[in-house]
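One structure is given here, and the rest of the page talks about it.
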Number of protein chains: 2
Amino acid sequence: MNLKELSTILGLSQTTVSRALNDYPEVKEATRQRVKQAALLHNYFPNKRAKGLATGRAMAIGHVIPLSTQHEMVNPVFADFIAGAGEVYSANGYDIHLSVVSDVAEENAYRAFRSSHSVDGVIVHGPCADDPRIALLKRLGLPFVVHGRAGEDETSYSWVDVNNRHSFLRATEFLLDLGHRYIALLNGLEHMDFARRRREGFLAAMQGHGVTPIPALMFGGEMTEELGFIHAKEMLAGATPPTAFLVSSMSMAIGARRAIADAGLEMGRDISVVIHDDDLSYLKNGGDIPIFTAAKSSVRQAGRLCAEMLLELVANPGQPPRHRLLESQLMVGQSTGPVR
Amino acid sequence: MNLKELSTILGLSQTTVSRALNDYPEVKEATRQRVKQAALLHNYFPNKRAKGLATGRAMAIGHVIPLSTQHEMVNPVFADFIAGAGEVYSANGYDIHLSVVSDVAEENAYRAFRSSHSVDGVIVHGPCADDPRIALLKRLGLPFVVHGRAGEDETSYSWVDVNNRHSFLRATEFLLDLGHRYIALLNGLEHMDFARRRREGFLAAMQGHGVTPIPALMFGGEMTEELGFIHAKEMLAGATPPTAFLVSSMSMAIGARRAIADAGLEMGRDISVVIHDDDLSYLKNGGDIPIFTAAKSSVRQAGRLCAEMLLELVANPGQPPRHRLLESQLMVGQSTGPVR
DNA sequence: CAGGGCATCCAAAGCGCTTTGGAAACCCAA
DNA sequence: TTGGGTTTCCAAAGCGCTTTGGATGCCCTG
């Protein structure tokens, strides 16, 4: 069933049927009703490709998932982010175009998006310190929103980000106030922007309280359960065992918890743990009293905000870049206590 | 830059340029080279929408993510599955079309895929016992592959699935052989096909060994850390505490492990745990000696297989349905031991 | 009753590509 | 030189939609 067929069935021209369906004012209300009912009856859906060709709009947003060739890691945050963004997209009639590409080919993926006209805008995931993708997208003139930031030049593009620096500064101060001095940092890969900022926040708080951080108690790497376990274990067995951990993700903290239990210690009593919690739907941080004391910021909500921002940018091109800085919420749970 | 412009630059007709780029034989090799170089130089990419319109092929595969309105859960398995499938798609020039829809609207999403001609085929995620989507897709005539199965009628459609029944049968027998009789089952939602089969396997093994399963030691629900914790805790405190747990997912098992630790018990010594392990990249089950004894089956690999199967189906329509039953691999880890 | 204004509808062009049905150029044997 | 077969290229139609630039009929005013 296509427009032509539908219009002959109705005894109207394609023009009128098209206009009726797209809510143009120059068609009589009665006709519009008749058309819409017929469309429903014959379950007619406009051919998106044809529509896109004619209007020049793809009604789709591109997401590129880089599959690193080195570490075989898929970002666990991705599913929740997409779920949030997807809500907004589908409410506005957009859908998602996913490109899974090896990180080497990522640049080309954006180029292809651009010139094949298959998306109206893109979301940039997981920006590094000075991410080359941003310059590329600016050059291509493709609307985009970054989930996170990339280095210092923050005003020239649109982004939605958590205030990672402040979040970790505050979390560290919370631990310092409890009397902890040997605080370990289990961070993400520190060439990623978010991890760098978190480290900065951590260091700023330590220095602010006149505490010198110990290099052996700082780790940056993939945020997996296993690495959390390995490095927490190593630190606990080291020369200067920490009395508290500051951990960049839930999975990593679960690994740390395992190491703590293995060492015969009790979390919350013998040793404190504060985490960053992305509020993933399958790894909820407990009920009323959180398991982990956490700086919480919903990644799903971030997805929603990114999507909304991008759709606005697509609708009104030539606007100045927008920014949205989210503050995390410190939730005190069972995993922290005064130093013993 | 479009075909027309490129062809005038080259002094050739659109036809010839198009044929040169698409490797048709009726164009001289020298011309082809010249054309391809020019395309590269002016970085020309064909407009996908126009191409799709003309060829009738979308070069895209649809994935529908149902967002349940009740439980706000996003399937954590999804990211890894997509990563696997994505590898195959991008190697074949396909990309992914994601629709995030509320579960109520899911049926409509497939209809729209079909009649809007935006995808060449779809993958069905998370099938229930007698999933209505399958009948719908058959009726629509849209090529599809199911990740999992849906009830007993297994021959009439294509699928890739783990042998969940056998996997859990074997895992249960492993525990029975260690002397366990009070074995608890922490399962997924049992209206889902995979969970039903796992339960069947569990029960079959128990009955095969003349052990009557205890209803209070069987739970089916969302596979979150929290629910794993809550129900493991409840079971451990109950009238007939289990000596072993059989758990349907890593996250859930992590919750169970927490409950076990809270009860002052040691996993692997006082109490055994066997899990199903999807081999997610951010929740690896330890290194050489796995943390959990596990029936392991890579969901990423399943994604690859689904994608390959679907692309074949798309390329040769009218073929009989294909099936691929994967056997999980039992890996003995640190979480199991003889009953005490 | 003429003529302007409005509401309603339509024919046809155009989006950028593929593909059909030739046409032109060339080569070679008769 | 001619005729048939190849090779190489092209003009134009068509994919299903939107949108421009009217056309038609109707109502109202003078």
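Just so we're on the same page: letters track the sequence lines, and every chain starts at 1.
Of the candidate nucleotides dA12(D), dT18(D), dT8(C), dT18(D) has the atom lying nearest to any side-chain atom of Asn22(A). Closest approach to the Ser13(B) side chain among dC17(D), dC10(D), dG14(D) is made by dC10(D) (side chain taken as heavy atoms from C-beta onward). Closest approach to the Leu3(A) side chain among dT18(D), dC9(D), dT18(C) is made by dT18(D) (side chain taken as heavy atoms from C-beta onward). The listed nucleotides are dG14(C), dA12(D), dC17(C); the one nearest the side chain of Gln14(B) is dC17(C). Among the nucleotides dT18(C), dC9(D), dG16(C), the one closest to any side-chain atom of Lys28(B) is dC9(D). For Leu53(A), the listed nucleotide lying nearest its side chain is dC15(C); candidates were dT8(D), dA11(D), dC15(C). Listed candidates were dT18(D), dG16(D), dG16(C). Nearest to the side chain of Ala50(B) is dG16(C). For Asn2(B), the side-chain atoms get nearest to dG16(C) when compared with the rest of dG16(C), dG16(D), dT18(C). Picking from dT18(C), dT19(D), dT18(D) the nucleotide with the shortest atom distance to the side chain of Lys51(B) gives dT18(C).
Residue contacts shown for Arg19(A) include a base, since a base heavy atom lies under 4.0 Å away. Residue contacts shown for Thr55(A) are limited to sugar-phosphate atoms, with no base heavy atom under 4.0 Å away.
Phosphate proximity of dC9(D) to Thr31(B): present, with a side-chain N or O under 4.0 Å from OP1 or OP2.
Atom pair Arg49(A):CZ and dT18(C):C1' shows a separation of 13 Å (rounding to whole Å applied). The distance between atom CD of Glu29(B) and atom P of dT6(D), rounded to the nearest whole Å, is 21 Å. The distance between atom CZ of Arg57(A) and atom P of dG16(D), rounded to the nearest whole Å, is 23 Å. Here the P atom of nucleotide dT7(D) and the CZ atom of Arg32(B) are 14 Å apart, to the nearest Å. Remark: C1' of dC9(C) and CZ of Arg34(A) are 12 Å apart, rounded to the nearest angstrom. Atoms CG (Asn47(B)) and C1' (dC17(D)) sit 14 Å apart, rounded to a whole Å. Counting to the nearest Å, the C1' atom of dG16(C) and the CE atom of Met1(B) are 13 Å from each other. If you measure from atom OH of Tyr24(B) to atom C1' of dT19(C), you get 7 Å, rounded to the nearest angstrom.
Centroid-to-centroid, the aromatic rings of His63(A) and His125(A) come within less than 6.0 Å.
Ion pairing of Glu107(B) with Arg133(B) is absent here, as no side-chain N (NZ or NE/NH1/NH2) approaches a carboxylate O to less than 4.0 Å. In this structure, Asp23(A) pairs ionically with Lys36(A), as a charged nitrogen and a carboxylate oxygen lie closer than 4.0 Å.
Tested against Val145(A), the residues Leu310(A), Ile61(A), Val124(A) include a single side chain to side chain contact (heavy atoms under 4.5 Å, CB included) partner, Leu310(A).
Comparing Glu26(B) and His117(B), the nucleotide of DNA chain D nearest to each residue sits closer to the 5' end for Glu26(B).
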- request: Test Tyr94(A) against Arg57(A) for side-chain hydrogen bond (donor to acceptor under 3.5 Å, both in side chains), laying out the working first.
  value: CA-CA 10 Å; Tyr94(A) 278 76; Arg57(A) 312 190 65 188; 3.0 Å; yes
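Donor-acceptor pairing under 3.5 Å, judged by distance alone, is absent between the side chain of Thr16(B) and the base of dT8(D). Evaluation of atom-type donor-acceptor distances gives no pair under 3.5 Å for the side chain of Ser18(B) against the base of dT19(C).
Scanning for side chain to side chain donor-acceptor pair (under 3.5 Å) contacts around Thr16(B) gives Ser13(B), with sequence neighbours left out.
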